[in-house]
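Notes to accompany the following structure.
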Amino acid sequence: MEKSEFLEQQVFAGLTPKNDGSGTDTAYQFSEADFETVLDRAEHYGLGVYTIESFFKGTPYATTSHEDLKKRATDHRWFKRAFLTSKTKQAGLTYAATYKVSPKLLARDTFEDEEE
């Protein structure tokens, strides 16, 4: 399974992107509520999150990376905290992120019975 396929089928499933989603996985922007679900699923699957980008009315607003906070990309505490900080600073943002999906996870045959 490819990284983009995994993200679409397991992480973004059932969510509505706020843009067309064309290009790389960073192109998927989500509402605050949907992005919270994305982060919960990222934590569930042990994904890494390299950066979180926020947008206000389609214009880039802020970007935070795991390196800024000196945390591992797979440490869910950094991306949950960064998201919480961002959403309390400005209402009405949309969010996108860059992800790390391990080859071991991509090699798995099935993900049934793992839905939240």
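Hydrogens, waters and symmetry mates play no part in the numbers below; they use all other heavy atoms, side chains included.
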Pairing residues for H76 by the ring pair (Phe, Tyr, Trp, His ring centres under 6.0 Å) criterion, not counting sequence neighbours: none

Shortest non-hydrogen separation from A42 to V49 and the atoms involved: CB-CG2, 4.4 Å

Report the C-alpha separation of F30 and T94 in whole Å, then their side-chain angles, then the decisive distance to 0.1 Å, and conclude whether the side chain to side chain contact (heavy atoms under 4.5 Å, CB included) test is met. CA-CA 5 Å; F30 294 98; T94 57; over 6 Å; no

Contact between F55 and L93 at the side-chain level, heavy atoms closer than 4.5 Å - yes or no? no

Find out if a path of hydrophobic residues (ILVMFWY) with successive side-chain heavy-atom gaps under 4.5 Å connects Y50 to F83. no

Count the heavy atoms of every other residue, nucleotide or ligand shown that sit under 6.0 Å from CD of E2, and state whether that count exceeds 12. no

At what distance, to the nearest 0.5 angstrom, does CE of M1 lie from CG of L106? 7.5 Å

Please step through side chain to side chain contact (heavy atoms under 4.5 Å, CB included) for the pair L47 and L7, ending with a clear verdict. CA-CA 10 Å; L47 304 184; L7 290 171; 4.1 Å; yes

Drop me the distance from Y99's OH to T74's OG1, to the nearest 0.5 angstrom. 15.0 Å

Closest heavy-atom pair, S65 versus T51, reported as atoms and distance to 0.1 Å, is CB-CG2, 3.6 Å

Nearest 0.5 Å please: distance from the CD atom of Q10 over to the NE2 atom of H44. 8.5 Å

Look only at the side chain of S54 and the backbone of A62, and say whether a donor-acceptor pair between them is shorter than 3.5 Å. yes

Contacts of F79 meeting ring pair (Phe, Tyr, Trp, His ring centres under 6.0 Å) (sequence neighbours excluded), chain-then-number -> none

Under the salt bridge (charged side-chain N to carboxylate O under 4.0 Å, His left out) definition, can you give me all pairs with a residue in residues 57-67, not counting sequence neighbours? none

Show me the pairs that pass salt bridge (charged side-chain N to carboxylate O under 4.0 Å, His left out) and involve residues 78-92, at least two apart or across chains. E36-K87, D40-K80, E43-K80

About how many Å separate OG of S102 and CZ of F6, when rounded to the nearest 0.5 Å? 8.0 Å

Among all residues two or more places apart in sequence or in another chain, which pass the ring pair (Phe, Tyr, Trp, His ring centres under 6.0 Å) test with Y61? none

Under a 3.5 Å distance rule, please check whether S86 uses its side chain to pair with a backbone N or O of A82 as donor and acceptor. no

So how far is it from Y28 OH to T16 OG1, rounded to the nearest 0.5 Å? 12.0 Å

How would you list, by chain and number, every residue that makes a salt bridge (Lys or Arg N to Asp or Glu O under 4.0 Å) with D75, sequence neighbours excluded? R77

Could you measure the distance from the CD atom of E32 to the NZ atom of K18? Nearest 0.5 Å is fine. 11.5 Å

I'd like to check V38 versus Y95 (side-chain heavy atoms, cut-off strictly below 4.5 Å). Are they in contact? no

Side-chain heavy-atom pair R41, F12 within 4.5 angstrom cut-off: no

Is it true that L69 and L84 fall in one hydrophobic cluster, defined by side-chain heavy atoms closer than 4.5 Å? no

Main chain of K71, side chain of H66: is a donor-acceptor contact present, judged purely on distance under 3.5 Å? yes

Hey, are the side chains of W78 and T64 touching, using non-hydrogen atoms and a 4.5 Å cut-off? yes

